Amino acid sequence: MIFRYDNQTDMLYISLSNGVSVDSQEVADGIVLDFDGDNRVIGVEIEDAGKRIDLANLELNAMPVSNLIFSERVSPSV
C-alpha cells in the first residue's frame, strides 16, 4: 500500500495494489475509487485531502507491516 500526496493539487492517492485502473467511480463528493479488470478496488483518490483529513499524522495500529519505507519527508508550512 502506497500513500501519495500532491501538495499542489491537495490530492491524496492511496494505492492498494499494483494494477491498471480500467474503471473509476466517485462514491462521495471528492472520493474516487479505481477498479482493475476484475472489479477489485486498487486505489482511492481523495480530492481536497488537507481539508478532509489530518495529513500531519499517520498511525498504524495492529498492522502486519514487515517493511516500512519513508521516501520523502515534507515539513509542514508555518
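What you see is a predicted model, and the numbers here were worked out from it, not measured in a lab.
- For residues 7-26, the set of pairs meeting the salt bridge (charged side-chain N to carboxylate O under 4.0 Å, His left out) definition, not counting sequence neighbours, is empty.
- In the hydrophobic clustering of ILVMFWY residues, with side-chain heavy atoms under 4.5 Å counting as a link, Ile14 and Ile53 come out together.
- Under the salt bridge (charged side-chain N to carboxylate O under 4.0 Å, His left out) criterion, the residue pairs touching residues 31-46 are Asp36-Arg40, Asp38-Arg40, with sequence neighbours excluded.
- Listed by chain and residue number, Asp54 satisfy the side chain to side chain donor-acceptor pair (under 3.5 Å) test with Asn57 (two or more places apart in sequence, or in another chain).
- Both Leu16 and Ile46 sit in one connected hydrophobic cluster of ILVMFWY residues. Membership requires side-chain heavy atoms under 4.5 Å apart, directly or through other members.
- Val22 pairs by the side-chain contact (heavy atoms from CB on, under 4.5 Å) definition with nothing, not counting sequence neighbours.
- Across Ile42 and Ser21, no two heavy atoms sit closer than the pair CD1-N, 3.7 Å.
- Val20 and Phe35 are not part of a single hydrophobic cluster, where members link through side-chain heavy atoms under 4.5 Å apart.
- Hydrophobic clustering of Ile, Leu, Val, Met, Phe, Trp and Tyr side chains at less than 4.5 Å, counting indirect connections, keeps Met1 apart from Tyr13.
- For the side-chain contact (heavy atoms from CB on, under 4.5 Å) test, residues two or more places apart in sequence or in another chain that qualify with Ile2 are Arg4, Ser15.
- Nearest heavy-atom pair across Leu12 and Ala49 is CB-CB, 3.7 Å.
- Residues Met11 and Val32 are not in side-chain contact: their nearest non-hydrogen atoms beyond the backbone lie 4.5 Å or more apart.
- The side chain to side chain donor-acceptor pair (under 3.5 Å) search around Asp6 returns none, not counting sequence neighbours.
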